[in-house]
Every structure is written in C-alpha cells, then in structure tokens.
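Down below is the structure, laid out as structure tokens.
Note on naming: letters A, B, ... go to the chains in the order of the sequence lines (proteins, then strands), and numbering restarts at 1 for each one. Everything quoted here is computed from the prediction, not taken from an experiment.
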Amino acid sequence: MADTSPSVSRGLWLIKSEPTVYPWSQLVKDKKTAWTGIRNFTARLNLRAMKKGDLCFFYHSNEGKEMVGVAKVVKTAYADSTAEEGDWSCVDVAAVYPLKSPVTLATVKATKALAKMQLLVQSRLSVSKVTEAEWALIHELSSTKPR
DNA sequence: GCCAACGTTGGC
DNA sequence: GCCAACGTTGGC
C-alpha cells in the first residue's frame with residue numbers, strides 16, 4: 001500500500017536571505033514572493049528539484065545567522081526574469097509559520113546530529129537540502145511543532 | 001572591514 | 001583539461 005504520509009515524498013530545503021535585503025518579516029507581509037537572484041549552478045539544481053508543497057527553512061545570513069521560519073514552495077521553477085543573461089530559474093515561496101525561537105548557526109555547529117547539514121558542508125550555498133531528521137531536530141531545538 | 005572558502009572564468 | 005586569477009559569499 002502506498003504511504004500517504006507527506007513526510008515520504010516532500011522535499012525539505014533551506015533558503016538563505018540577507019535580512020537587510022529581504023527579511024522573513026517581509027515574506028510574512030508579502031505572503032509570497034518570487035525567489036529570484038540565484039546565480040549558482042548547485043543552487044539552481046536544488047531550485048529546479050523543488051516541488052509544489054515542499055518546505056523550506058528561511059535562514060538569515062550575515063545578520064542573525066539563524067533559521068527564523070518555514071516557507072512553502074507554491075510554484076515550481078520558472079525563468080528568473082531578473083537575470084540579464086544566462087539560464088536561471090526562480091520559484092515562488094510563501095510564508096507558512098515562524099520558528100518559536102530561531103535556531104542559530106552556532107547551535108547548528110554545536111549540535112552533533114546537524115554536523116552534516118548541507119548548510120555547514122557547503123557554507124556558501126544559498127539553496128540547500130535538509131533531511132527529515134534535520135528538519136525534525138531543528139523544530140525541536142526551536143520549540144516549534146512541525147506542520 | 002577582513003579574509004577564508006568556494007565558484008567561475010579564461011589562458012595555455 | 002589544468003590551474004591561476006578573479007569575484008563573491010558569508011562568518012567572524
């Protein structure tokens with residue numbers, strides 16, 4: 001029998017944004033936004049692998065250095081109109097819920113079970129993968145119930 | 001503000 | 001196909 005649990009098929013990701021450029025609070029205000037400006041092949045690969053309904057941690061880079069919320073992919077990859085040249089993609093994401101207490105990079109680094117997070121392994125990658133185990137643990141650390 | 005790490009470009 | 005030079009990201 002097919003398992004209908006969403007945890008089997010959903011993709012889990014982490015998307016980075018500098019809060020001075022586009023903070024979580026702005027996504028909450030906007031409800032949804034086009035996730036444009038990705039100009040890295042590995043990140044593009046991840047973007048294009050996203051499916052509708054996939055969930056993403058929203059991470060504040062540079063300032064904060066913490067995961068602050070969860071966003072959802074509401075539109076799969078399409079041409080990024082902000083790209084002047086080259087074959088780049090974007091997706092649409094919507095705010096879903098905030099993390100009760102943000103999970104900082106320092107916490108991630110200090111947590112053994114999170115040592116293999118793509119966030120750490122490929123520190124400059126702006127769209128990275130998150131495993132189910134990492135997803136669950138980060139929710140625990142943030143005192144937030146996954147939805 | 002600095003700089004390490006990493007990705008990309010281009011000369012050979 | 002290698003690798004030096006360069007540009008960018010992002011932590012510190």
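Between the CG atom of A:Leu105 and the P atom of C:dG10 there is a distance of 11 Å, rounded to whole Å. Taking atom CD of residue A:Glu63 and atom P of nucleotide C:dG10, one finds them 13 Å apart after rounding to whole Å. Summarising the geometry, the separation between CD on A:Gln118 and P on C:dG10 is reported as 13 Å, rounded to the nearest angstrom. Spacing between atom NE2 of A:His60 and atom P of C:dG10 amounts to 13 Å, rounded to whole angstrom units. Atom CG in A:Asn62 sits about 13 Å away from atom C1' in B:dG1, given to the nearest Å.
A:Glu140 is linked by a side-chain contact (heavy atoms from CB on, under 4.5 Å) to A:Leu137, counting only residues two or more places apart in sequence or in another chain.
A donor-acceptor distance shorter than 3.5 angstrom exists from the side chain of A:Asp80 to the backbone of A:Gly37, with no hydrogens or angles considered. Listed for the A:Thr107 side chain is no donor-acceptor partner under 3.5 Å among the backbone atoms of A:Val103.
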Kindly give the atom pairs (protein nitrogen or oxygen, nucleotide nitrogen or oxygen) under 3.5 Å for nucleotides 7-9 of chain B.
from, atom 1, to, atom 2, distance (Å)
B:dT8, OP1, A:Phe41, N, 3.4

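A side-chain donor-acceptor contact under 3.5 Å links A:Trp13 and A:Asp54.
Using a 4.0 Å cut-off between charged nitrogen and carboxylate oxygen, A:Asp87 and A:Arg48 count as a salt-bridge pair. Salt-bridge annotation for A:Glu134 and A:Lys116: absent, with no side-chain N of the basic residue lying under 4.0 Å from a carboxylate O of the acidic one.
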